[in-house]
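Order of the sequence lines fixes the chain letters, A, B, ..., with proteins taken first and strands second; residue numbering starts at 1 for each chain.
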Amino acid sequence: MREIRAKLNDIAKRRGIFWNSYDIYGGVGGFYDYGPVGSLMKKNLLDIWLEEFVYKDGLFLIDAPAIGPEIVYRASGHLEKFTDYMVRCKSCGHAFRTDELIKDYVEFPDALGPEEIEKVIRDHGIVCPDCGGELGEVEEFHLMFSTRIGLDKIGFLRPETAQGIFVNFPTLYRINREKLPMGVAQIGRGYRNEISPRQGVIRQREFQMAEIELFVDPEDKFNEDMIEDYPLPLLTMNGENIKISAKEAYKSGLVDGYILYYMVKIMKFMERIGVDTSKVRFRQHHREELAHYSKDTWDCEVLISRGWVEVLGISYRGAYDLEHHMRYSGVDMRAFRKFKEPKKVRRSRVIPRMEILGPMFKGNAMKIAQQMEEMEIEGEKKELKIEVNGKTYEVPSEAYDVVDEEVTLAGERFIPHVVEPSFGIDRILYSILEHSFYEREDSGYKVLRIKPEIAAIKAGVFPLMAKDGMDSKAREIMKTLRERGINAYYDESGSIGRRYARADEIGVPFCITIDYQTLKDSTVTIRERDSTEQKRISITELPDMLDSLIKGKLEFSEI
RNA sequence: GCAGGCGUAGUGUAGUCUGGCAGCACAAGGGCCUUCCAAGCCCUUAGCCCGGGUUCAAAUCCCGGCGCCUGCACCA
């Protein structure tokens with residue numbers, strides 16, 4: 001199994017798919033460059049992603065910055081959850097997460113700062129669980145890269161692109177003319193300062209993401225017709241491996257409707273881009289491994305040489321993110337849901353008496369009054385506790401009146417729920433590479449059997465020999481193809497077989513060869529990568545035919 | 001981050017123990033030959049991970065760093 005990785009890495013570096021970054025300085029772990037071939041493959045993959053997930057479903061696409069101010073990641077919960085406190089044993093050197101060490105002594109280990117944690121360790125005489133040695137100082141470890149915005153503002157590099165969408169919800173909701181469901185996609189890089197990223201392109205510190213946030217009204221009934229009948233390989237929370245049709249999975253309530261909708265789309269996407277769908281499954285997260293924002297998550301895993309690897313996740317994030325941004329920013333992140341019939345409601349409304357509040361709270365009076373107006377008072381008037389900017393103010397009962405009134409409500413406000421399919425593009429591309437790699441049985445030559453749509457270069461144009469005008473004819477044909485928008489290249493070096501082999505290694509699906517017959521009757525041979533079969537066609541029909549072959553509208557066997 | 005192993009042309013490796021001109025194969029570039037799947041012949045390019053130390057002399061020994069692999073821990 002490691003062999004395929006070694007062979008692939010060899011081709012990747014030699015032929016320009018990817019390699020470890022900053023090579024001349026010894027390389028830096030967790031960072032990879034895509035070369036001339038790999039970049040085009042990734043670009044083609046992202047184009048198909050856009051087509052399948054954005055254009056076909058009419059989603060929005062946005063492009064937000066990678067750097068965000070501290071408050072955004074405080075609100076999202078990443079700052080807290082992505083920071084671990086660790087201690088290292090002074091004698092054996094093993095590292096431990098402090099929350100694990102102190103959880104038996106403290107009720108909320110996550111709530112403590114480094115000094116408090118150290119105190120707990122000292123007070124309870126906690127020692128190294130492995131060797132009993134003395135523990136060192138508490139160290140903080142951030143999984144987020146931090147930087148500086150301007151002179152002294154702290155900024156973080158996004159660990160996911162999602163927050164760039166959430167913070168824009170009110171604007172996007174308006175642009176969508178206040179309708180749900182609303183899907184917003186974003187393609188961008190995410191950054192995580194992994195402690196030891198040692199799985200090649202599978203675990204990078206800077207990686208390509210493509211994410212969708214689907215905002216839905218949790219009270220809307222899911223439209224069952226959206227789910228196509230498609231067999232899905234599921235690995236449930238209980239460890240059960242089942243093959244179940246999407247419709248059945250919906251009826252049994254095993255998986256949320258929207259998540260199922262995406263599962264089916266993802267299976268078809270995998271098929272189109274050339275991931276072996278017999279090596280794909282959806283694995284449900286256990287409750288304890290759910291991310292801090294998620295209620296239910298299904299990972300899409302692909303079987304490669306390293307075992308089952310998560311290439312994307314579909315999370316049910318509920319109202320978590322919008323709720324938090326609403327609380328931290330004070331901006332209303334809610335959507336409006338109209339009642340079928342307007343409702344008449346009796347309610348008691350608070351009317352603040354500004355002449356009392358004004359002198360009492362000065363500049364904060366307006367904000368306090370605003371909050372009071374949203375409160376429901378039942379029974380006796382009493383002192384109110386109002387929180388503004390993190391401070392609590394006590395408002396005496398004489399500072400407001402309560403009026404009973406009957407109002408007609410057209411609808412209500414609510415925080416939309418979010419379903420998030422989040423794609424790790426690098427991992428998907430790597431899966432494609434592993435699944436399409438093979439060695440020819442007779443010769444042992446290496447071939448990347450990647451889909452023509454994904455292939456970086458679509459056609460090689462070779463003169464049988466670089467003489468007698470075959471070379472200039474070949475250059476001419478290459479130029480025609482390039483002008484037609486087909487990425488072609490010319491190669492005259494070495495024997496024809498060698499050139500085919502070079503093309504096979506980077507997955508060039510079609511090779512055009514110009515021979516002596518071409519000079520007589522203007523026909524060329526076209527060779528298909530996987531079968532190595534050749535057919536003879538006229539130069540005039542070549543560009544159209546190649547275009548159809550690449551787009552999958554024409555099979556090579558049909559020529 | 002810890003422990004162990006490893007790091008030599010683009011790639012794969014020999015040489016390291018026992019310090020003394022860095023070698024081989026493939027790939028790549030040029031030429032000859034060649035009428036369709038890495039053929040052959042000639043030529044060429046190109047390397048000791050980085051830094052320090054020991055030594056007359058370091059790829060080789062020592063120290064530090066970086067990177068890769070395996071395990072632990074961490075992570076999805």
Every protein N/O lying under 3.5 Å from an N/O of nucleotides 46-52 of chain B:
none

Listed pairs, N/O of protein and of nucleotides 29-31 of chain B, under 3.5 Å:
residue: B:G29; atom: OP2; partner: A:S493; partner atom: OG; Å: 3.2

Protein N or O to nucleotides 34-36 of chain B N or O, pairs below 3.5 Å:
residue: B:C36; atom: O2; partner: A:Y500; partner atom: OH; Å: 2.5
residue: B:C36; atom: O2; partner: A:Q534; partner atom: OE1; Å: 3.1
residue: B:C36; atom: O2; partner: A:Q534; partner atom: NE2; Å: 2.8
residue: B:C36; atom: N3; partner: A:T525; partner atom: OG1; Å: 3.3
residue: B:C36; atom: N3; partner: A:Q534; partner atom: OE1; Å: 3.0
residue: B:C36; atom: N4; partner: A:D515; partner atom: OD2; Å: 2.8
residue: B:C36; atom: N4; partner: A:T525; partner atom: OG1; Å: 3.1

Each nucleotide N or O in nucleotides 8-12 of chain B that has a protein N or O under 3.5 Å away: list the pair and distance.
residue: B:U11; atom: OP1; partner: A:K13; partner atom: NZ; Å: 3.2
residue: B:U11; atom: O2'; partner: A:D10; partner atom: OD1; Å: 3.2

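When the C1' atom is used for both B:U8 and B:C48, the distance is 4 Å, rounded to whole Å. Remark: the separation of the C1' atoms in B:C68 and B:C56 is 36 Å, to the nearest Å. Taking the C1' atom of each, B:A9 and B:A14 are spaced 14 Å apart, rounded to whole Å. B:U13 and B:G53 have their C1' atoms separated by 30 Å, given to the nearest Å. Comparing the C1' positions of B:G47 and B:A28 gives an interatomic distance of 15 Å, to the nearest angstrom. For the C1' atom pair drawn from B:A38 and B:A27, the interatomic distance equals 10 Å after rounding to whole Å. Using P as the reference atom, B:U16 and B:U55 are 24 Å apart when rounded to the nearest Å. The gap from the C1' atom of B:A39 to that of B:C33 amounts to 11 Å, rounded to the nearest Å.
The backbone N or O of A:P452 sits less than 3.5 Å from a side-chain atom of A:K458, completing a donor-acceptor pair. Looking at A:R192, its side chain never comes within 3.5 Å of a backbone N or O of A:F145 through a donor-acceptor pair. A side-chain donor-acceptor contact under 3.5 Å links A:R158 to the backbone of A:R189. With A:E528 contributing its side chain and A:D530 its backbone, the two residues share a donor-acceptor pair below 3.5 Å. At distances below 3.5 Å, at least one donor-acceptor pair connects side-chain atoms of A:D426 with backbone N or O atoms of A:Q208. Using modelled atom types, one side-chain atom of A:E211 and one backbone atom of A:T161 make a donor-acceptor pair closer than 3.5 Å. A:R205 places a side-chain N or O within donor-acceptor distance of the main-chain N or O of A:E194, the cut-off being under 3.5 Å.
With a 6.0 Å cutoff to the six-membered ring centre and a 45° limit on the axis angle, A:K265 counts as a cation-pi contact of A:F53. Cation-pi contact between A:R527 and A:Y500: present, with separation from the ring centre below 6.0 Å and deviation from the ring axis of at most 45°. A cation-pi contact links A:R475 to A:Y490, judged by a cut-off of 6.0 Å to the six-membered ring centre and 45° from its axis. In this structure, A:R281 is positioned above the aromatic face of A:W308, its NZ or CZ under 6.0 Å from the six-membered ring centre and within 45° of the axis.
What separates NZ of A:K7 from C1' of B:A27 is a distance of 17 Å, to the nearest Å. Across the protein-nucleic acid pair, A:W19 atom CH2 and B:G67 atom C1' stand 18 Å apart, rounded to whole Å. Counting to the nearest Å, the C1' atom of B:A28 and the CD1 atom of A:I11 are 16 Å from each other. Distance, A:H285 NE2 to B:C75 C1': 12 Å, rounded to whole Å. If you measure from atom CD1 of A:I526 to atom P of B:C37, you get 18 Å, rounded to the nearest angstrom. As rounded to whole Å, 17 Å separates atom P of B:A38 from atom CD of A:E441. Between the CD atom of A:Q199 and the P atom of B:C68 there is a distance of 12 Å, given to the nearest Å.
Few gaps surround CD on A:E558; more than 12 heavy atoms of other groups in view lie less than 6.0 Å from it.
The nearest pair of heavy atoms linking A:L519 to A:D468 is CD1-O, 3.3 Å.
For A:T532, counting side-chain heavy atoms from C-beta on, the closest listed nucleotide (B:C37, B:U70, B:C75) is B:C37. With B:C75, B:C69, B:A38 as the choices, the nucleotide that has an atom nearest any side-chain atom of A:R198 turns out to be B:C69.
The side chain to side chain donor-acceptor pair (under 3.5 Å) search around A:S21 returns A:D33, not counting sequence neighbours. For A:K535, the side chain to side chain donor-acceptor pair (under 3.5 Å) criterion is met by no residue, not counting sequence neighbours.
Along RNA chain B, the nucleotide nearest A:E528 and the nucleotide nearest A:G200 are compared for position; the residue whose nucleotide lies closer to the 5' end is A:E528. Looking at which nucleotide of RNA chain B each of A:G494 and A:N20 is closest to, the 5′-most match is held by A:G494.
Pairing for B:A22 is absent, judged as Watson-Crick or G-U wobble with the two contacts each under 3.5 Å. With a cut-off of 3.5 Å on both Watson-Crick or G-U wobble distances, the partner of B:A9 is given as none. Pair assignment for B:G1: B:C72, on the basis of Watson-Crick or G-U wobble contacts that are both within less than 3.5 Å. Within the shown strands, nothing qualifies as a pairing partner of B:U16 under the Watson-Crick or G-U definition with both distances less than 3.5 Å. Applying the Watson-Crick and G-U wobble criteria (two distances, each under 3.5 Å), B:C48 pairs with nothing in any strand.
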Inset, instruction - Go through A:W19 and A:Y32 one step at a time and tell me if the ring-ring contact (aromatic ring centres under 6.0 Å, His included) criterion holds. - result: CA-CA 6 Å; A:W19 55 78; A:Y32 282 83; 9.9 Å; no
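A:R283 comes within 4.0 angstrom of a nucleotide base, judged by non-hydrogen atoms across all strands. Within 4.0 Å of A:E160, counting heavy atoms only, lies no atom of the nucleic acid at all. Within the 4.0 angstrom heavy-atom criterion, base atoms lie near A:R203.
Between A:R498 and B:C37 there is no side-chain N or O to OP1 or OP2 distance below 4.0 Å. A close approach under 4.0 Å does not occur between any side-chain nitrogen or oxygen of A:R529 and OP1 or OP2 of B:C37.
Expressed to the nearest 0.5 Å, how far CZ of A:F166 lies from CG of A:L322 amounts to 6.5 Å.
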